[in-house]
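Quick notes on the structure that follows.
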Amino acid sequence: MNKKEQLEEFYNYKYWREIQRNQLNTSSNIIFTFSATIIGFTINYLLKKDTSICESTKFLFVISIIILLISILFYLIFNISRLTDYTKTARYLSTNMSFEEIGTKTWLLGRITWYSFFLQIGIAFFGFLFSVIIFTSIIL
């Protein structure tokens, strides 16, 4: 199968693309939800326990919040680039443009989407881990 046939199959096989989009969206939303929840929980904890926590622990909490906010930033970049990619791809598909041209014109947006998704996951993981370590050190 040559490259042109592969691209035609890629753009014409709508069902698996729809499933992939839904799973990607769900995964990103779950990570966003955990990040926002941990930020809220941490801020609430700091406001209620403000006097009993040492300054270095507060500083570590702030770093954790910043890491999770960066993850949320990549969530926003992911969603904006994904929506832009879908819009442009749909617009190009409605023209007589070849699948190779469509792939070339949307390649960068696709890469930004996937890189921002993986960065969201990676940074959120470190934010979660950092938060768990800090809370564990306070509890123990």
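Count residues from 1 along the sequence.
The aromatic rings of F41 and F135 lie tilted to each other, with the angle between the two planes from 30° to 60°. The aromatic rings of F117 and F78 are tilted relative to each other, their planes meeting at an angle between 30° and 60°.
In this structure, the side chain of T89 does not engage the main chain of Y86 through any donor-acceptor pair within 3.5 Å. For N25 (side chain) and R21 (main-chain N/O), no donor-acceptor pair under 3.5 Å exists by modelled atom type. Checked by atom type and distance alone, the side chain of T106 never pairs as donor or acceptor with a backbone atom of L109 at under 3.5 Å.
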**Request:** For side-chain contact (heavy atoms from CB on, under 4.5 Å), just list the numbers for T104 and W107, CA-CA rounded to whole Å, side-chain angles, deciding distance to a tenth of an Å, and then say yes or no.
**Result:** CA-CA 5 Å; T104 301; W107 180 85; 5.9 Å; no
**Item:** Stepwise side-chain contact (heavy atoms from CB on, under 4.5 Å) test for K105 and Y92
**Value:** CA-CA 9 Å; K105 290 185 179 250; Y92 295 146; 3.6 Å; yes
**side-chain contact (heavy atoms from CB on, under 4.5 Å) between V62 and K58, intermediate numbers included** = CA-CA 6 Å; V62 169; K58 286 181 190 177; 5.6 Å; no
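The 12-atom threshold is not exceeded at CZ of F34, counting heavy atoms of other residues, nucleotides or ligands nearer than 6.0 Å. Atom CG of N96 is surrounded by 12 or fewer heavy atoms from other residues, nucleotides or ligands within 6.0 Å.
In this structure, the side chains of F61 and I43 stay at 4.5 Å or more apart for every pair of heavy atoms. You'll find the side chain of I72 reaches within 4.5 Å of the side chain of I39, heavy atoms only. Between F130 and L68, every side-chain heavy-atom pair lies at or beyond the 4.5 Å cut-off. Using a 4.5 Å heavy-atom cutoff, the side chains of F128 and I123 are not in contact. Side-chain contact between N79 and R82: present, with at least one pair of heavy atoms (C-beta onward) separated by less than 4.5 Å.
Using a 3.5 Å distance cut-off with no hydrogens or angles, the side chains of E101 and S98 do pair a donor with an acceptor.
With rounding to the nearest 0.5 Å, the separation of CD1 in I102 from CZ in R91 is 12.0 Å. Here the CG-CG distance, from L73 to L119, works out to 10.0 Å after rounding to the nearest 0.5 Å. Atom OG1 of T33 is separated from atom CD1 of I38 by 11.0 Å, given to the nearest 0.5 angstrom.
Both I66 and Y45 sit in one connected hydrophobic cluster of ILVMFWY residues. Membership requires side-chain heavy atoms under 4.5 Å apart, directly or through other members. Follow the hydrophobic side-chain contacts under 4.5 Å out from L83 and you never reach I112; the two are in separate clusters. I133 and I138 fall into different hydrophobic clusters, where Ile, Leu, Val, Met, Phe, Trp and Tyr residues are linked whenever their side-chain heavy atoms come under 4.5 Å apart, directly or through other members. Residues L76 and I30 are members of one and the same hydrophobic cluster, defined by side-chain heavy-atom contacts under 4.5 angstrom among Ile, Leu, Val, Met, Phe, Trp and Tyr. No chain of hydrophobic side-chain contacts below 4.5 Å, direct or via other Ile, Leu, Val, Met, Phe, Trp or Tyr residues, connects F118 to L69.
S71 and I31 make their closest contact through OG-CG2, 4.3 Å (heavy atoms, listed as atom of the first residue, atom of the second, distance).
Under the side-chain hydrogen bond (donor to acceptor under 3.5 Å, both in side chains) criterion, the residue pairs touching residues 118-140 are S28-Q120, S64-S131, with sequence neighbours excluded.
Of the candidates L60, T42, L129, L60 is the only one forming a side-chain contact (heavy atoms from CB on, under 4.5 Å) with I134.
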